Amino acid sequence: MANFQGPILDVHNLCVEYSTGSVNLFSRKRKSAVKNISFQIQTGECFAVFGESGCGKSSIINAILAFVPVTKGLIQFENQNLLHLFSSVPRWIRPQIQPVFQDFHQALNPRRQIGSLFKEIRSIYPDRPDSAELLNRVGLHCDVLHAYPHQLSGGQKQRVGLARALSTNPKMLLLDEPVTSQDLSIAAQILGLLKTLQKERKLTFLLVSHNFSILRLLADQVAIMKDGGFLEINTPGQLIANPQHDYTESILKQSGIR
Amino acid sequence: MNNLHTKSKMGGSLRAGCGILLFILLFILIGRLLTPYDHLSQNLAEALESPSRSHWLGTDHYGRDIFTRLIYGGQLTWIIAIFATLIAIVIGTLVGLFTAWWGGWFDLIVMRLVDVALAFPRIFIVLLVIGLGGSSIELLIWLLALFSWMETARIVRAEVSTHKNFAYVKAARASGLGTNRILFRHIFPNIAGPVIVSAILLITNIILVESSLSFLGLGVQPPFASWGTILNEGKIDPLGNWWISVPAGVCILVTVAGFNLIGDGLRDLFDPYRLN
Amino acid sequence: MTFRNSLRLHWYYIPLIFFLVFFSCQNKNQHQIQQTALYPPTEQTEDGGTLVVGIRTEPETLNPLFALSQSARNVLGLIFGRLADINADLETFSPGIAKSWEVSSEKRQIVFHLHQNIHWHDGRPLTAEDVVFTYQMHIHPVIAWDGISYKQNISDVTAPDDSTVIFKFHHSNHTMLLDAVEGYILPKHILQQYPPEKLYTAGFNRRPIGSGPFIFVEWQDLQHIRLAKNESYFKATKPHLDCVIFRIVPDNFNLLNQLKSGEADMVEGIHPKNFLAIQKSWEAGRSAIRPISYLGRRYDFIGWNLIDPQSYAEAVAAGATRASIDSLIRPNKLFGNQKVRVALTMAIDRQAIMNSVNFGMAVPLHGPVPPILPSYNADANIVWEYNPGKSLDWLAELGWKDHDGDKILDRDGEPFQFEILTESGNLHWEQVATIVQAQLAEIGIRTTLRFLEPALLYGKRLPNREFDAVIIGWTVGLTPDYAPLFHSDYFFTPFHFNGYYSPEFDRLDALAKSAPTKAAAQRYYDKIARLLSRELPYTWLYYRMECSAIHSRFKNIIFDKRGLYVNLEDWWIPQSERLKIDRIFEN
Amino acid sequence: MLSVFLRRILSLLPTLLIGITLSFIIIHLAPGDPANRFLNPNQTPEMQSSIRERFGLDRSLPVQYGRWLKNVIFHLDFGYSFYSGKSSRAVIAVALKSTAILSFWALVFALIAGISLGILAALKQNRFIDYFCNNLMIFFLSIPGFWLGLMLIGIFSIQLSWLPGAHLQSLYHHQLGPGARFWDLAGHLILPVITLGLPLAATFFKYIRSNMIETLNSDYILAAKARGVNRSKILWKYALKNSLLPIISLLGIVIPALLSGAVIVEVLFALPGVGRTMVTAVYSRDYPVLMAAVTFGFIAVLLCNLLADICYRIVDPRIQHSPGEIS
């Protein structure tokens with residue numbers, strides 16, 4: 001497993017739909033959130049999806065984590081079809097892909113101490129690293145273990161979230177707007193931390209954001225997403241230099257890059 | 001500014017409610033130390049005596065001391081109300097948790113059934129009580145619970161559907177925690193507030209429904225009594241023998257009011273916005 | 001107890017059916033036996049006025065073919081007429097629709113001569129055809145009239161002309177007249193429009209047309225039924241009242257309230273506690289509500305299950321007949337023994353129960369014969385006085401002692417305990433049961449009470465003999481018939497629920513029924529009373545007084561064991577005492 | 001909107017059917033046989049079977065159900081009451097009439113009392129009048145209904161003789177003039193309406209008061225105040241409108257509960273309503289009447305919920321149905 005060759009994540013023709021309106025027997029109006037998306041992520045790479053809110057970028061993460069049913073398509077993680085395994089949740093795959101959510105007040109359970117999160121995970125995966133070590137790694141003191149989320153600052157919460165994600169020893173992190181709600185200095189710190197971690201642990205990132213400036217610091221590949229579909233995929237440099245779509249261009253202008 | 005006032009006042013109602021209930025609980029738990037009588041022993045010669053020094057609240061048709069009956073009746077009322085509420089809350093919570101969690105067709109079908117249960121005429125309690133051969137205490141508890149879990153299920157379902165999409169739940173799912181663990185250890189503590197409030201309101205409701213069942217002659221069976229049955233026993237001559245029904249009515253009134261006060265206070269305490 | 005009262009009345013009618021009951025409103029004053037007139041009948045009466053009767057349950061129907069409840073029967077008696085009405089002596093009859101009759105034992109027939117000026121309320125004349133039609137309806141299998149047993153001895157009814165009806169019988173016996181006149185005469189010209197199977201839902205049931213002293217006017221569902229004076233009633237100058245209204249008030253408390261506030265003039269079946277209060281204020285001159293109490297028709301008892309329920313179920317499943325009772329049915333392990341029943345009876349202080357539950361409005365009863373009947377003989381009964389000490393001795397003789405010191409009697413390690421059933425919602429019986437439980441507990445017998453809804457109690461537990469002891473009551477009819485309760489012919493019927501079986505009783509019953517004279521029959525009735533009060537298939541508790549109240553402005557009221565409606569057509573109100581309500585419905 | 005409405009109605013049908021079927025089964029499986037009412041020791045087997053045939057009880061349960069459902073769907077015929085021989089539909093219709101009158105006035109009373117006191121309490125928050133109203137309402141919420149009714153009858157009908165304690169109208173109602181008829185009806189309605197309406201008023205009061213306080217403290221009201229908008233305009237136009245919204249959904253629950261009959265009030269005050277009819281039907285095992293009432297009850301609950309839902313949507317377009325799972 002360790003020497004797995006080829007793309008770690010292969011998404012092919014992914015479609016996700018939601019039913020809208022009241023849920024009842026006779027009406028099932030459906031709204032499509034993700035339309036026919038395909039991409040591949042190589043091990044150790046950072047793949048970023050850029051899109052404005054509501055374009056469906058979070059749905060990709062939800063689809064990979066099997067939080068929403070996939071209408072059509074294929075998601076393969078190390079050649080294992082995640083969609084087939086969905087019905088019987090593959091416990092051995094779960095810890096390998098971990099999400100990190102933007103810091104919002106629901107990112108951590110408000111009624112539980114931080115320490116209990118790690119304890120719980122270690123109770124399932126006993127061979128995983130110690131919580132104190134993890135917290136140290138993300139730059140937090142062990143005291144945090146006895147704190148409740150509301151006693152932490154935004155940056156601390158975000159680090160805790162990161163530590164929690166790392167606690168299962170994942171191969172891949174799904175970063176959903178990881179630094180949006182922080183001010184710039186903290187965002188920079190966290191981004192730096194992510195970068196070092198990526199190198200240290202050979203992590204693969206799938207990063208989702210509506211902030212191009214952040215994407216560009218981390219991403220190896222960027223997909224521009226609009227209305228549920230990808231407009232173009234390219235390296236950040238190429239995109240800036242040679243945008244294929246007017247939309248891309250307007251984004252770059254808004255971000256002040258062009 | 002106004003908000004602050006409300007809070008402090010509601011805190012007051014919480015305190016008042018707790019005080020009242022504590023008093024009532026003390027009354028029904030250690031009140032028997034105050035009375036030399038037994039709640040079941042009859043003394044036909046002393047039947048229907050008005051309140052006096054030997055019988056503080058008079059006697060009933062069988063010469064039993066009403067004060068003593070109130071103490072034991074209170075115990076039964078509380079037992080019925082609390083157990084029925086607990087059962088209803090457990091059923092409602094489980095149904096709410098799992099329907100919201102699994103969603104889809106399961107949710108659809110179960111919620112339809114909840115709709116049916118909610119639409120069921122309450123009079124069916126009567127039908128079931130008499131149909132199942134009279135009212136034992138266990139039967140009363142189960143039936144009262146059976147007709148009261150739906151509101152809780154709806155509340156829990158709504159809360160869980162919200163929490164289900166919160167990042168902390170997603171993170172927990174992603175780290176491979178089991179469904180039960182997530183539902184009971186992670187989500188439930190966060191929605192316990194509304195559940196407790198609904199439980200308090202259920203208790204008040206169940207006490208009142210139990211007393212109206214007594215009105216229909218379907219309450220606790222003699223020689224035992226709940227406050228509802230004592231209240232009902234005074235109905236032959238409610239004006240002449242007021243001492244039978246008035247104290248029982250006051251007990252019900254005060255208890256239910258106490259719970260209502262606590263419910264009001266707690267609702268404020270568990271204000272969903274307070275979490276944010 | 002609100003609408004549960006309906007059920008009490010509702011279930012009381014069952015025994016009515018087989019005790020041969022008669023109600024009559026058209027009784028003459030000349031029969032003064034056992035009746036009390038509140039005011040001596042006077043020559044000058046004044047017409048007009050309204051009577052409002054407060055009742056707890058709505059009559060289910062006003063078709064005499066289907067009416068079962070007492071409230072319906074009371075209303076029907078005012079709207080319809082019979083061929084003849086039984087008198088207070090319970091033996092003779094007064095003319096009704098028939099002005100005279102000839103009974104001929106040899107020819108096994110009765111010839112009735114009808115009044116010729118009787119009209120239905122819609123104006124059509126009542127003829128012999130109607131009487132024949134009524135008989136046909138009574139015996140129609142689809143209708144399943146509940147009084148059909150009266151008509152079983154009748155072979156044919158014919159009408160040679162408009163005013164003559166001939167009843168022919170299979171056998172000649174002393175109940176021929178009784179059998180012939182039972183049932184209200186129905187209007188053929190209306191009912192023949194409906195096929196018999198549709199009669200149950202006919203509009204007639206809600207808007208009856210009869211020939212009685214009052215005409216049906218309106219029926220407001222669950223509110224009231226209003227009747228008006230029949231101006232062309234065949235008995236001239238009657239009735240005196242303009243209007244009779246039955247107001248339905250299900251809640252006892254409110255019903256009494258109606259009586260006090262003058263919204264109702266008459267209420268029956270008042271709780272003794274409330275009755276005493278009414279009596280007190282009447283005697284103090286504070287109220288115009290006159291209390292009326294009289295020995296009614298109800299007694300309460302504890303019925304013991306004499307047989308083993310399981311063996312009964314097995315025997316029924318095996319299709320047992322009367323002949324196989326002895327071999328298939330085992331006696332009940334507790335109450336199968338007469339000594340146990342006697343001991344239990346002696347352990348119950350019936351006088352205390354009577355005082356406490358009925359507030360004295362009852363008389364003691366020790367045997368099967370109701371005190372209102374001519375055949376009642378107080379000395380015939382064996383009286384088991386309250387004596388808990390003796391009761392314990394008797395039980396000890398049988399091995400029931402408190403061996404283990406837990407204050408409960410036991411034998412062979414088995415505690416003496418059983419379940420007492422009664423009807424839920426019946427305050428009287430619930431109270432009796434509660435007291436009986438406490439009294440039995442005093443001598444160390446543990447009982448559990450179970451209050452069952454009537455449908456369950458009478459429809460399932462008693463007919464299937466699934467009970468230990470039951471506290472209920474019977475309403476007695478005006479002619480004695482103990483066979484349905486105790487005769488082995490009825491062993492497998494629902495009403496013979498306690499499984500009493502005694503060849504001696506069967507013999508005495510047959511002898512009493514075939515006795516040539518009343519005096520001869522009396523001997524056997526005394527023997528029956530002696531036998532049953534010794535054997536104690538029931539523990540008779542008490543015989544109830546009926547407690548009613550009526551506004552004092554009504555004069556010339558006669559009430560006796562036949563009820564309070566005996567002569568309603570003779571009631572009248574002096575002008576000086578009239579109230580507002582009396583003028584509202586003036587004709 | 002109409003198509004939404006129709007679709008929602010269609011989607012209620014399965015609920016309705018499940019409910020009715022379940023009720024049918026429960027009612028018919030409850031021990032006790034309606035034919036027992038006619039028991040009589042001299043009854044022959046033929047008579048017994050004729051009675052059972054009269055009521056269709058000779059058929060198996062599924063056949064009875066099929067027949068019943070067919071008659072209901074195609075002829076709106078709920079069968080004839082076993083007890084009185086009346087058409088069950090007519091029995092319920094009559095009962096419904098007085099229940100509707102009682103419910104309507106109880107609702108009007110509760111709305112007026114609850115809303116006006118609720119507003120008053122919210123405006124005078126934390127003053128004496130607020131505490132007083134609050135505690136009064138808790139009192140009304142906590143008192144057992146039949147005890148309240150008994151006391152009202154005892155005081156106003158017996159001791160003071162001010163008001164009649166039973167029935168919807170006097171015996172001489174039909175002889176009165178139109179104006180007097182109204183007063184007659186009103187007099188009879190006061191006590192039951194108060195008994196039924198007080199707990200309701202308390203419920204409304206609580207909702208209105210807390211919503212009103214919340215709205216009055218919300219940003220946009222504060223902003224409007226700051227802009228110097230007229231105080232009464234703020235109160236009536238903004239605050240009240242928003243506070244009344246939850247009442248709509250509350251009505252969706254309260255109205256059907258009222259319509260399925262307030263047994264105790266109806267028994268106590270001798271009103272010919274649905275609740276009393278149903279209890280009588282339960283005791284006499286009058287299946288057709290019971291089923292008619294239950295069917296009506298189900299339809300009332302479902303329709304009222306639906307209507308409340310739709311009204312809510314019309315009044316407050318912000319409400320969107322969340323599909324449950326959205327990213």
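This is a predicted model, so every value here is computed, not measured.
Looking at R181(B), the atoms closer than 4.5 Å to chain A (heavy atoms on both sides) all sit in the side chain, from C-beta outward. With a threshold of 4.5 angstrom between heavy atoms, L117(A) approaches chain B through side-chain atoms but not through N, CA, C or O.
Heavy-atom minimum distance, I124(A) versus S175(B): CD1-O, 4.5 Å. Looking at every heavy atom in both residues, F101(A) comes nearest to A171(B) through CE1-N, 3.8 Å.
Contact annotation: the side chain of P189(B) never approaches that of R112(A) to less than 4.5 Å [non-hydrogen atoms, C-beta and beyond].
Among N62(A), L65(A), I61(A), the single residue meeting the side chain to side chain contact (heavy atoms under 4.5 Å, CB included) criterion with K170(B) is N62(A).
Atom CZ of F106(B) has more than 12 heavy atoms from other residues, nucleotides or ligands within 6.0 Å. Summarising the local packing, CZ of F39(A) is surrounded by more than 12 heavy atoms from other residues, nucleotides or ligands at distances under 6.0 Å.
Rounded to the nearest 0.5 Å, atoms CZ (R185(B)) and CD (E120(A)) are 6.5 Å apart.
A donor-acceptor contact shorter than 3.5 Å is absent between the side chain of N109(A) and the backbone of Y168(B).
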